[in-house]
Amino acid sequence: QVQLVESGGDLVQPGSSLRLSCAASGFTFSSYLMSWVRQAPGKGLEWVSIINTRGDVTSYADNVKGRFTMSRDNAKNTLYLQMNSLKPDDTGVYYCARHLGETVCMDFWGQGTQVTVSS
């Protein structure tokens, strides 16, 4: 069965860096678009970034552009999100999600990993 397992979340100070990972199994990882999505406390889901199947094209939400870098290792079936210059507004649960074909719809999600940015 499809599984997405995030890790790497932590409590960090503003200005710090974190790298999140998402281990995929149960499907042909290299064939799917993937995204990171986050949810701040008391707020709705916010799309963060997307990566194509080969990993050479990415796109980011404006509020993380220049600070976050998404990548993937198809040999390891793993997705990454490198987060630099973290701000308190980056606090939330971060989910990796698989896209349904070439659509914007996401059909499988991980359980999430908590990122807290606070002094």
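Excluded from the calculations below are hydrogen atoms, water molecules and symmetry mates; all remaining heavy atoms, backbone and side chain alike, are included. These numbers come from a predicted model, not from an experiment.
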Q: Nearest 0.5 Å please: distance from the OG1 atom of Thr116 over to the CG atom of Asp10.
A: 8.5 Å
Q | Validation row: Thr91, Arg38 side chains within 4.5 angstrom (heavy atoms) | A | no
**Q.** Ring center gap for Tyr32 and Phe27 short of 6.0 angstrom
**A.** yes
Q. Got a second to check how far Asn77's CG is from Gln3's CD, nearest 0.5 Å?
A. 12.5 Å
(Q) Are Val64 and Ser49 packed together at the side-chain level, in the sense that at least one heavy-atom pair is separated by less than 4.5 angstrom? (A) no
Q. If you group Ile, Leu, Val, Met, Phe, Trp and Tyr by side-chain heavy-atom gaps below 4.5 Å, do Tyr60 and Val117 land in one group?
A. yes
Q | Non-hydrogen side-chain atoms of Leu20 and Met83 separated by less than 4.5 Å | A | yes
Q: For atom NZ of Lys65, decide whether the heavy atoms of other residues, nucleotides or ligands shown that lie under 6.0 angstrom number more than 12.
A: yes
(Q) Treating Arg72 as the side-chain partner and Leu33 as the backbone partner, does any N or O pair qualify as donor plus acceptor under 3.5 Å? (A) no
**Q.** Test item: Glu6 side-chain N/O and Gln111 main-chain N/O as donor-acceptor pair under 3.5 Å
**A.** yes
Q | Closest non-hydrogen atom pair, Ala24 against Leu4 | A | CB-CD2, 3.7 Å
Q.
Testing the basics here: between Gly55 and Asn52, what is the closest heavy-atom pair and its distance to 0.1 Å?
A. N-OD1, 2.9 Å
Q) Atom CZ of Arg19 and atom OG of Ser71: how far apart are they, to the nearest 0.5 Å? A) 7.0 Å
**Q.** Same apolar cluster: Met34 and Val2, side chain cutoff 4.5 Å
**A.** yes
Q: Answer yes when Asp90 and Lys87 have at least one side-chain N-carboxylate O distance shorter than 4.0 Å, and no when they do not.
A: no
Q.
Counting C-beta onward and ignoring hydrogens, is there a side-chain heavy-atom pair between Ile51 and Leu79 closer than 4.5 Å?
A. yes
Q: Just say parallel, tilted or perpendicular for the rings of Trp109 and Tyr95, cut-offs at 30° and 60°.
A: perpendicular
(Q) For a 4.5 angstrom cut-off between non-hydrogen side-chain atoms, does Cys22 reach Trp36? (A) yes
**Q.** Same apolar cluster (I L V M F W Y, side chains within < 4.5 Å links), Val48/Val115
**A.** yes
Q: State yes or no: do Tyr94 and Tyr80 share one hydrophobic cluster built from I, L, V, M, F, W and Y residues joined by side-chain heavy-atom distances below 4.5 Å, directly or via other members?
A: no
Q) Closest heavy-atom contact between Pro41 and Gly92? A) CD-CA, 4.4 Å
Q | Contact summary for Leu11 and Ser118, nearest pair of heavy atoms | A | CD1-CB, 4.3 Å
**Q.** Residue pair Met106 / Ser35: nearest heavy atoms and the distance that separates them
**A.** SD-CB, 4.1 Å
Q. Any chain of hydrophobic side-chain contacts (each under 4.5 Å) joining Phe29 to Phe108?
A. yes
Q) Which atom names give the shortest non-hydrogen contact between Arg67 and Leu86, and what distance separates them? A) NH1-CA, 3.9 Å
